[in-house]
J.: 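For reference, the structure I am asking about is given below.
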Amino acid sequence: MLVGGEYMFLPSAWPYMGWFAKLMALIAVVLPYIFLYLSCYSDPGYITPETHAYYMSLYPYDHALFHPGRYCETCKLLKPARSKHCSICKRCIAKADHHCVFINLCVGYGNHHWFLSLLLSTAVLTSYGGFLGLSILFGVTKERFPGWSIWPPAGYGLNKYLIAWSWAMQRDINLGATTLLAALTSPLVWALLAYTLYHVYCGTTTNESLKWSEMAEDMADGYAFTRPIKRGRHRDFRIEPSCSRWPVEPEMAVIATEDGEPPLVQQGMPPLAGDGDWQRVWKLKNVENMYDLGFKDNLTDIFVREYAFGKLREELPFKSRRLD
């Protein structure tokens, strides 16, 4: 759609554009293709035996959505916090957001920033194309109908107003059609970008948002329980390694059961975190999301690899592993 629309739009609009508009148009056209390439061909965060220790050290377990000691039956590896096995990619993805059909790849720790850049650049392109096309159509219509304006002027009936618009659209069908397409699709792209940024604001991924929705249903049914986790608790570092870059630790464990009874340790499973009796929890507002550190830090963690939240990278326990 982009290639076809640009092929139809640019030759028609080019003679009406000044040098600055032409420069902005070229930049707006090129950027989505650059970010599309980077989104498609960057490692989204494939978890392999070689990268497993690295991804285990990036995020702590929150003991709500992600519990230590869980294995991926397909990859035969411990599941790092915030990871997910993609049935399409056939691999576990670190900080998995979702599998995107537009890039035919998962969006995860390694390419989330490129995906956001792709959405932003595409939204800017469609908005700029729609605005530029409407400006050109407005100018040529104004020459043909001197009393016309983009808002129906006084004395202009609806029929005459629409006739002027249709004349401008038919005068150059390529310019008119692509301008209309850009104007109509631009709100959709901005809406997808806003939805993605809302997840960033909430400190969740798309995958985690779905998990929280399921947890909310379990809470409403009375099947979810919580109990506090003490600081300095004993942990098995073989299944729950330290994550010293993360500035907070979980304060409570949250478990949903299938029978509505308090959780019990199952045979072959690691012990459940927390101390004391389990208390039934009914609403999400009564539990924490330890991955939400505020919009600024949430966004920086996406765009800055191994973001240390004010700490020096030399203080981190893992060796930096560049993914692209």
Side-chain angles (χ1 to χ4, degrees), residues 1-44 97-142 150-151 165-166 168-201 205-206 295-296 298-304 324:
M1 289 180 65
L2 286 179
V3 172
E6 290 156 4
Y7 179 77
M8 295 170 62
F9 181 88
L10 287 176
S12 299
W14 201 258
Y16 298 97
M17 299 164 61
W19 69 267
F20 182 76
K22 291 178 180 178
L23 176 62
M24 292 295 101
L26 290 176
I27 294 175
V29 165
V30 169
L31 284 181
Y33 295 104
I34 294 176
F35 293 131
L36 176 63
Y37 174 83
L38 292 171
S39 298
C40 292
Y41 289 97
S42 295
D43 181 351
D97 190 89
H98 69 289
H99 186 92
C100 179
V101 296
F102 298 111
I103 65 174
N104 194 32
L105 192 70
C106 274
V107 175
Y109 183 78
N111 64 349
H112 198 176
H113 56 306
W114 296 131
F115 180 73
L116 280 172
S117 301
L118 171 62
L119 290 180
L120 177 60
S121 61
T122 304
V124 171
L125 172 63
T126 55
S127 300
Y128 185 68
F131 174 79
L132 184 60
L134 288 173
S135 299
I136 295 172
L137 292 175
F138 174 78
V140 297
T141 307
K142 191 76 172 176
I150 195 167
W151 300 111
W165 260 120
S166 62
M169 299 284 287
Q170 295 176 11
R171 181 178 179 274
D172 190 328
I173 192 66
N174 287 347
L175 179 62
T178 51
T179 297
L180 184 61
L181 178 64
L184 292 176
T185 57
S186 181
L188 301 178
V189 184
W190 281 109
L192 180 57
L193 175 62
Y195 176 73
T196 305
L197 288 177
Y198 174 73
H199 282 163
V200 177
Y201 169 79
T205 62
T206 302
F295 181 73
K296 179 181 177 181
N298 295 344
L299 189 64
T300 305
D301 185 48
I302 292 175
F303 280 89
V304 179
D324 52 25

J.: What pairs with Phe295 under ring pair (Phe, Tyr, Trp, His ring centres under 6.0 Å), at least two apart in sequence or on another chain?
T.: none
J.: Compile the donor-acceptor pairs under 3.5 Å between side chains in residues 177-184 and protein atoms, sequence neighbours left out, one pair per line.
T.:
from: Thr178; atom 1: OG1; to: Asn174; atom 2: O; distance (Å): 2.7
from: Thr178; atom 1: OG1; to: Leu175; atom 2: O; distance (Å): 3.2
from: Thr179; atom 1: OG1; to: Leu175; atom 2: O; distance (Å): 2.7

J.: Rounded to the nearest 0.5 Å, how far apart are OG1 of Thr196 and CG of Asp97?
T.: 7.0 Å
J.: Got a second to check how far Leu132's CG is from Ser127's OG, nearest 0.5 Å?
T.: 12.0 Å
J.: Can you name the salt bridge (Lys or Arg N to Asp or Glu O under 4.0 Å) partners of Asp301, sequence neighbours left out?
T.: Lys95, Arg245
J.: Is it the case that more than 12 heavy atoms not belonging to Phe303 sit under 6.0 Å from its CZ atom?
T.: yes
J.: Ignoring hydrogens and geometry, is there a side-chain-to-backbone donor-acceptor pair from Asn111 to Gly108 under 3.5 Å?
T.: yes
J.: Using 0.5 Å steps for rounding, measure from the CG atom of Leu192 to the OG1 atom of Thr122.
T.: 9.5 Å
J.: Taking side-chain hydrogen bond (donor to acceptor under 3.5 Å, both in side chains) as the definition, give me every residue that meets it alongside Ser12, ordered by chain and number, with sequence neighbours left out.
T.: Asp172
J.: Provide the closest heavy-atom pair for His199 versus Thr206 in the form atom of the first, atom of the second, distance.
T.: ND1-OG1, 3.4 Å
J.: For Met17 and Ala13, which heavy atoms make the closest approach, and how far apart are they?
T.: CG-O, 3.2 Å
J.: Run the ring pair (Phe, Tyr, Trp, His ring centres under 6.0 Å) test against Phe115 and tell me which residues pass, sequence neighbours left out.
T.: His98
J.: Tell me which donor-acceptor pairs under 3.5 Å the side chains of residues 20-38 have, and how far apart each pair is, sequence neighbours excluded?
T.:
from: Tyr33; atom 1: OH; to: Val3; atom 2: N; distance (Å): 3.4
from: Tyr33; atom 1: OH; to: Glu6; atom 2: OE1; distance (Å): 2.9

J.: Grab the two heavy atoms, one from Ser42 and one from Gly110, that are nearest each other, plus how far apart they are.
T.: CB-O, 4.3 Å
J.: Go through the steps to decide whether Ile103 and Leu118 satisfy the test side chain to side chain contact (heavy atoms under 4.5 Å, CB included), and finish with yes or no.
T.: CA-CA 10 Å; Ile103 65 174; Leu118 171 62; 4.0 Å; yes
J.: Return the OH to OG distance between Tyr128 and Ser186, rounded to the nearest 0.5 Å.
T.: 14.0 Å
J.: Determine, stepwise, if the pair Leu299 / Leu116 fulfils side chain to side chain contact (heavy atoms under 4.5 Å, CB included).
T.: CA-CA 10 Å; Leu299 189 64; Leu116 280 172; 4.2 Å; yes
J.: Using side chain to side chain contact (heavy atoms under 4.5 Å, CB included) as the criterion, point out the one residue from Cys100, Pro44, Ser39 that pairs with Val107.
T.: Cys100
J.: Using 0.5 Å steps for rounding, measure from the CD1 atom of Ile136 to the CZ atom of Arg171.
T.: 10.5 Å
